[in-house]
Student: 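Just passing along the structure, written as structure tokens.
Because the structure is a prediction, the values reported are computed rather than measured.
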Amino acid sequence: MSKTINLHLKLSSAQVLTVLAKVPSGRVVSFGDLAYMAGYPGKARWVGTVLSKLPAHTQVPWHRVVNAQGILTCPRADLATKRLISEGVSVRNSRVSMKKHRWSPEQPAGKVADSTED
DNA sequence: GGGATGACAATTT
DNA sequence: AAAATTGCCATCC
């Protein structure tokens with residue numbers, strides 16, 4: 001059949017940035033997780049492309065984004081490391097412990113998964 | 001408009 | 001554990 005009907009409908013980078021802005025200090029997320037949370041599972045590469053276009057003075061915590069291996073793969077890895085350590089994240093050789101610092105969109109207590117949610 | 005590249009990931013060898 | 005393969009999307013030449 002036809003191969004994906006991707007018409008003029010483009011992905012929303014704003015959604016990714018919105019989710020990223022929700023990542024708390026001292027935590028990190030992978031590109032894939034970020035893409036998944038934003039509603040675009042499997043499009044990790046695209047997330048990388050989006051972040052690569054962020055301005056240098058952006059307020060978005062781009063330094064909290066690492067790859068699935070927990071490695072800081074951004075061109076400012078040294079800066080990201082510096083920031084993460086400042087937030088209490090253990091960074092070793094541009095690498096963080098995903099098992100310990102990986103952030104999940106956990107709902108705050110009281111807000112249980114209700115089907116009536118939007 | 002095709003091919004290479006990039007802040008990726010899951011699977012397989 | 002590490003390298004190779006394949007998939008994925010936007011951007012650059």
Side-chain angles (χ1 to χ4, degrees):
Chain A
M1 290 300 268
S2 40
K3 17 161 78 168
T4 315
I5 313 173
N6 284 350
L7 297 176
H8 51 85
L9 298 178
K10 194 167 62 174
L11 298 176
S12 178
S13 58
Q15 184 60 23
V16 175
L17 301 181
T18 300
V19 177
L20 176 55
K22 294 178 182 175
V23 180
S25 174
R27 293 268 201 239
V28 298
V29 288
S30 69
F31 294 88
D33 288 345
L34 198 53
Y36 185 84
M37 296 172 195
Y40 304 108
K43 296 176 175 58
R45 190 92 203 209
W46 169 67
V47 172
T49 303
V50 173
L51 297 184
S52 66
K53 283 153 34 175
L54 289 173
H57 44 12
T58 182
Q59 292 182 255
V60 180
W62 53 267
H63 56 273
R64 291 176 190 148
V65 183
V66 299
N67 67 9
Q69 301 175 17
I71 302 174
L72 293 105
T73 54
C74 49
R76 308 286 185 263
D78 55 335
L79 177 58
T81 301
K82 183 178 170 184
R83 282 189 173 185
L84 289 175
I85 292 177
S86 181
E87 296 181 353
V89 178
S90 303
V91 185
R92 184 65 172 177
N93 191 12
S94 299
R95 187 139 115 202
V96 306
S97 302
M98 286 301 275
K99 292 292 186 178
K100 298 179 181 178
H101 301 290
R102 190 184 188 193
W103 175 72
S104 298
E106 54 184 276
Q107 286 83 342
K111 183 181 174 87
V112 191
D114 198 320
S115 301
T116 59
E117 293 288 327
D118 132 30

Student: Check whether any side-chain N or O of A:Thr58 sits under 3.5 Å from a backbone N or O of A:Val60 as a donor-acceptor pair, and report yes or no.
Tutor: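 Present.
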
Student: In whole angstroms, how far is the P atom of C:dA10 from the CZ atom of A:Phe31?
Tutor: 17 Å

Student: Do A:Arg27 and A:His101 get their side chains close enough for a donor-acceptor pair, meaning under 3.5 Å?
Tutor: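 No donor-acceptor contact under 3.5 Å links the two side chains.
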
Student: Provide, to the nearest angstrom, the distance between the OH atom belonging to A:Tyr40 and the C1' atom belonging to C:dG7.
Tutor: 19 Å

Student: Between A:Lys53 and C:dA10, does any side-chain N or O lie under 4.0 Å from OP1 or OP2?
Tutor: no

Student: Measuring from the side chain of A:Cys74 (C-beta onward, heavy atoms only), which nucleotide among B:dA7, C:dA10, B:dC8 has the closest atom?
Tutor: B:dA7

Student: Looking only at atom types and distance, does a side-chain atom of A:Thr18 sit under 3.5 Å from a main-chain N or O of A:Ala14, one as donor and one as acceptor?
Tutor: yes

Student: Would A:Thr81 and A:Asp78 count as having a side-chain donor-acceptor pair, cut-off 3.5 Å?
Tutor: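 No donor-acceptor contact under 3.5 Å links the two side chains.
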
Student: Could you check how far CG of A:Asp33 sits from C1' of B:dA7, rounded to whole Å?
Tutor: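 Interatomic distance, CG of A:Asp33 to C1' of B:dA7: 15 Å.
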
Student: Would you indicate, yes or no, if C:dC8 has its OP1 or OP2 atom less than 4.0 angstrom from a side-chain nitrogen or oxygen of A:Lys43?
Tutor: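 No.
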
Student: Would you mind reading off the distance between A:Tyr36 atom OH and B:dA9 atom P, rounded to a whole angstrom?
Tutor: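 In whole Å, B:dA9 P lies 16 Å from A:Tyr36 OH.
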
Student: Rounding to the closest angstrom, what is the interatomic distance between C:dT5 and B:dA4 at atom P?
Tutor: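 Rounded to whole Å, the distance is 16 Å.
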
Student: Between C:dT6 and B:dA7, how far apart are the two P atoms, rounded to whole Å?
Tutor: 23 Å

Student: Choosing from C:dC8, B:dA10, B:dA7, which nucleotide comes nearest the side chain of A:Arg45?
Tutor: C:dC8

Student: Does A:Thr49 make a side-chain N or O approach to OP1 or OP2 of B:dC8 shorter than 4.0 Å?
Tutor: no

Student: Are A:Glu87 and A:Arg64 close enough, and set up right, to give a salt bridge (charged side-chain N to carboxylate O under 4.0 Å, His left out), and what steps lead you there?
Tutor: CA-CA 10 Å; A:Glu87 296 181 353; A:Arg64 291 176 190 148; 2.8 Å; yes

Student: Any idea which of B:dA10, B:dA7, C:dC9 is nearest the A:Ala68 side chain?
Tutor: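 Of B:dA10, B:dA7, C:dC9, B:dA10 is nearest to the side chain of A:Ala68.
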
Student: Quick check on DNA chain B: between A:Gly32 and A:Trp46, whose nearest nucleotide comes earlier from the 5' end?
Tutor: A:Trp46

Student: Take atom CG of A:Leu72 and atom P of B:dC8, then tell me their distance rounded to the nearest Å.
Tutor: 11 Å

